[in-house]
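The block underneath contains the structure these notes are about, expressed in structure tokens.
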There are 2 protein chains.
Amino acid sequence: MKTLKISEAVVRRLPLYLRYLNNLQIINVRTVSSQQLGEALDLNPAQIRKDLACFGEFGRKGIGYEVDYLIGKIKSILKLDQPINVVLIGAGHLGHAISNYTVYLKDNMKIVAILDNDPGKIGHITAGISIEPLDHLKEIVEARGIRVGIITVPAEAAQKVCDLLVDAGIHAILNFAPTNLRVPDDVRVHHTDFTMELHSLSYYL
Amino acid sequence: MKTLKISEAVVRRLPLYLRYLNNLQIINVRTVSSQQLGEALDLNPAQIRKDLACFGEFGRKGIGYEVDYLIGKIKSILKLDQPINVVLIGAGHLGHAISNYTVYLKDNMKIVAILDNDPGKIGHITAGISIEPLDHLKEIVEARGIRVGIITVPAEAAQKVCDLLVDAGIHAILNFAPTNLRVPDDVRVHHTDFTMELHSLSYYL
């Protein structure tokens, strides 16, 4: 088996395919064509065929892709076929919303710890999880095998929290704070800033 | 003055520049070079110069860009120099988080209405705004000159809410529900699905 290096653009599209395929699976659809995928996801079917061919899945002419098989394959590529423990830092409104939301996700990524530095919040239960003190981060990450961090603190605290995550051995961070983060080269940060989505949406008004 | 057609990629980067420039302005930095911008935003300085040249802003050699001027220019390109009223539909955890968050944004995009179809939520105050019934959407959009809609309802309700927004005359939608939406060609939808960010992050573990 060869190791594949997949482009960032493909890695960003795979979760989109996965989400749609999961929906098909729920309604018991067994096969799907690149044409159907393209229409549903507003992508070029040729692009989809090319993306999926990246990892040796070609589908069958006239039948298309087998939904179950493709889900398994994409999960394996994205390493979502194994449990991935996640820590969330910042138990404000956004932290609560995200924790509550992920509880309902049927996937292997699970928030297993919610941390905050406000003593008034410690011990409160969110999404079935008791909020713990931020200064226990390192022990918690180690004890629970946590590999991903989510930052939902205000912008001015984000870099400090990010440094703590890196120091605790986290290499993958999803940042909701509206600011850029400096990290070592071996740490990957993805940003989710909906105000930037709103701002770019405004252009099209 | 010529009308400019800016590529989608540039439109997506402009809010990133704007966010960083706003931070510079707060700490009274007057000028910035493409080099500094590139380092802070992890982008190629040549790309930044090219993006900014799109709208006739060239900066000055050895001095760089004037922060205030560039902020004004980008805001004007993104049409953020005018008030833009926003309606949010779905007063759950995520809706609350987003409403509370946007209150603190010093910008012209303002959530002026929060709607839900749960009678138990009507009249409750979130982020200083009283939650109103979803079936008043059309009148509210018209009366308050609302031009942007945010969808924070569950996936299974998102298409219906989207149709209502389109029917009410909204042409720009930010969708947080984890599902694709079908809209007419003259309606623009941006998606924010942090689970997809998490899933693509997983690949790099």
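Sequence lines set the chain letters: A, B, ... in the order given, protein chains first and strands last, and positions in each chain run from 1.
- The distance from atom OG1 of A:T179 to atom CZ of B:R19, rounded to the nearest 0.5 Å, is 6.0 Å.
- Within the 4.5 Å cutoff, no side-chain heavy atoms of B:Y203 are placed close to those of A:R188.
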Q. Yes or no on side chain to side chain contact (heavy atoms under 4.5 Å, CB included) for A:N180 and B:L16, after CA distance, side-chain angles and deciding distance?
A. CA-CA 9 Å; A:N180 260 65; B:L16 190 66; 3.9 Å; yes
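- Considering only heavy atoms from C-beta on, A:I98 comes within 4.5 Å of B:F194 through its side chain.
- For the set A:T192, A:L18, A:L80, A:V189, the count of heavy-atom pairs under 4.5 angstrom toward chain B peaks at A:L80.
- Per-residue heavy-atom pair counts under 4.5 Å with chain B were compared for A:H171, A:R147, A:H96, A:E8, and the maximum is reached by A:R147.
- Using a 4.5 Å cut-off between heavy atoms, A:A155 does not touch chain B at all.
- For B:V148, the part sitting under 4.5 Å from any heavy atom of chain A is the side chain, from C-beta outward, and nothing else.
- For the pair B:I84/A:L198, no side-chain contact is recorded, criterion being any heavy-atom separation below 4.5 Å from C-beta on.
- Here the straight-line distance linking atom CZ of B:R182 with atom CG of A:D42 works out to 12.0 Å at 0.5 Å rounding.
- Atom CE of residue A:M196 and atom CZ of residue B:R13 lie 11.0 Å apart, to the nearest 0.5 angstrom.
- Taken to the nearest 0.5 Å, the OH atom of A:Y204 stands 9.5 Å off from the CG atom of B:L78.
- Atom-to-atom distance recorded for A:H199:NE2 and B:L14:CG is 11.5 Å, nearest 0.5 angstrom.
- Note: B:R12 CZ to A:S200 OG = 4.5 Å, rounded to the nearest 0.5 Å.
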